[in-house]
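Within every chain, numbering begins at 1; the chains are lettered A, B, ... in the order of the sequence lines, protein sequences first and strands thereafter. All values reported here derive from a predicted model rather than from experimental measurement.
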Amino acid sequence: MNAFSDEELQRLKEITELYSYTKDLILYSEELNNLSTFMPPINEIKDAFDHFMRITAVKFDMHEGTDEYARNNLDKVFSHLYRATFELFDYIRIYQKDAIDKKLNGISNEALIHVFPDYYLTIKPAMEELITKIPAYKKDKDIGDPNIEVVKLYYHSIQEMREYIKKIDAMLPVLIEYDTKRDAEHAANEQKAQTDKRKDWLVQFLIAIAAIIIGIIIGFLIPK
Amino acid sequence: MNMLKNPEVWDRELREIRIDRNELIKNSDRYRIGSVRLAMGRVCSQEEFDHEKQKILSKPLP
């Protein structure tokens, strides 16, 4: 067996670090969308594994290849994982938006403003920024210079949004309670207004009847 | 000793996995030992995602 060079080991370390993000994102993407597996990143991971096996085949003398062959294949492993990670960023940001939308469906703006001002001040702007910040990766285009620092940056934004979604979950019972109370108050006020209206109508009706009766009595009493 | 008959296989590209959800569910009894998630059709293809993406992006947040 041919040992890995220091340069190859360094690249393997970067690949391992990148994969730690990719794996976490895969698990999170499944939680977000009904435990469904998003296939494009799985295809990329399959290809990354294939390139990795080409290197180990050379190392175990099962396949012929130079140091450059190993280096190129290590770069391809990294590129496929990088692509998988960007596919996941794109997928997750969309389903994070969907999750927020579904969770807050039916909650009034009034409740959000009064009970959970953080939503309009922080969470909504952050979600809208996330939608525009992470570039949608175009499959057929060159991925440019794969850089793990960019992955860390976007990963951080995704994690931040994940925390905001947990905050929304924690606030939901209070928001629902606020809306329920508000609806009950509205219903009580409406009922009171209707009762008052009916009372007014009855009083007017009685006054009209009394006026008619008085009119008839006066009619009888006044001599013709 | 490596018994591989075609050494060129190492450098061949694998084909993309393409999934038809309806076929997957229809034939799920053929691979009962396999993934429950696959058998239930819990996968999302690029085409399905692109469709959902347009829908989700067009809806404004509350």
Do Met39(A) and Glu16(B) touch side chain to side chain, with heavy atoms closer than 4.5 Å?
-> no
Show your reasoning for whether side-chain contact (heavy atoms from CB on, under 4.5 Å) applies to Cys44(B) and Tyr91(A).
-> CA-CA 10 Å; Cys44(B) 179; Tyr91(A) 184 84; 3.9 Å; yes
Look at atom CD of Glu47(B) and say whether more than 12 heavy atoms of other residues, nucleotides or ligands are closer to it than 6.0 Å.
-> yes
Tell me, side chain or backbone of Glu30(A) under 4.5 Å from chain B's heavy atoms, or both, or neither?
-> side chain
Arg12(B) portion near chain A, given a 4.5 angstrom heavy-atom threshold = backbone
Lys23(A), NZ: over 12 other non-hydrogen atoms inside 6.0 angstrom = no
Do Phe49(B) and Glu87(A) come within less than 4.5 Å of each other through their side chains, counting heavy atoms only?
-> no
In short, Leu35(A) meets Arg42(B) closest at the heavy-atom pair O-CB, 3.9 Å
Proximal component of Asp47(A), with respect to chain B [non-hydrogen, under 4.5 Å] = side chain
So, does Lys97(A) use its side chain to make a donor-acceptor pair with the main chain of Ile56(B) at under 3.5 Å?
-> yes
Pick from Asn73(A), Ile100(A), Thr37(A) with the largest number of heavy-atom pairs that fall under 4.5 Å of chain B | Thr37(A)
Checking Glu13(B) against chain A: side chain, backbone, both or neither under 4.5 Å from a heavy atom?
-> both
What are the two closest heavy atoms between Gln46(B) and Pro40(A), and how far apart are they?
-> OE1-CG, 3.2 Å
Pair Asp50(A)-Trp10(B), side-chain contact (heavy atoms from CB on, under 4.5 Å): steps then yes or no | CA-CA 8 Å; Asp50(A) 184 53; Trp10(B) 285 113; 5.8 Å; no
Identify which part of Tyr119(A) has an atom lying under 4.5 Å from any heavy atom of chain B, answering side chain, backbone, both or neither.
-> side chain
Would you find more than 12 non-hydrogen atoms of other residues, nucleotides or ligands less than 6.0 Å from Lys76(A) atom NZ?
-> no
Step by step, would you call Lys59(B) with Asp98(A) a side-chain contact (heavy atoms from CB on, under 4.5 Å)?
-> CA-CA 9 Å; Lys59(B) 270 195 294 182; Asp98(A) 192 44; 4.1 Å; yes
For atom NZ of Lys26(B), decide whether the heavy atoms of other residues, nucleotides or ligands shown that lie under 6.0 angstrom number more than 12.
-> no
Below 4.5 Å from any heavy atom of chain B, which atoms of Ile94(A) appear? Answer side chain, backbone, both or neither.
-> both
Options Asn109(A), Asn105(A), Ile131(A), Asp101(A), ranked by heavy-atom pairs under 4.5 Å with chain B, top entry = Asp101(A)
Can you tell me how far the CZ atom of Arg21(B) sits from the OG atom of Ser36(A), to the nearest 0.5 Å?
-> 6.0 Å
Within 6.0 angstrom of Tyr120(A) OH, more than 12 heavy atoms from elsewhere = yes
Interatomic distance, OH@Tyr69(A) vs CG@Asp11(B), rounded to 0.5 Å, equals 3.5 Å
For Ile19(B), is it the side chain, the backbone, both, or neither that has a heavy atom closer than 4.5 Å to a heavy atom of chain A?
-> side chain
Is there a donor-acceptor pair closer than 3.5 Å between any side-chain N or O of Lys46(A) and the backbone N or O of Arg15(B)?
-> yes
Under-4.0 Å salt bridge between Glu8(B) and Arg54(A) = no
In terms of heavy-atom contacts, does CG of Asp6(A) have more than 12 from other residues, nucleotides or ligands at under 6.0 Å?
-> no
What part of Met127(A) is in contact with chain B, defined as an atom under 4.5 angstrom from a non-hydrogen atom: side chain, backbone, both or neither?
-> side chain
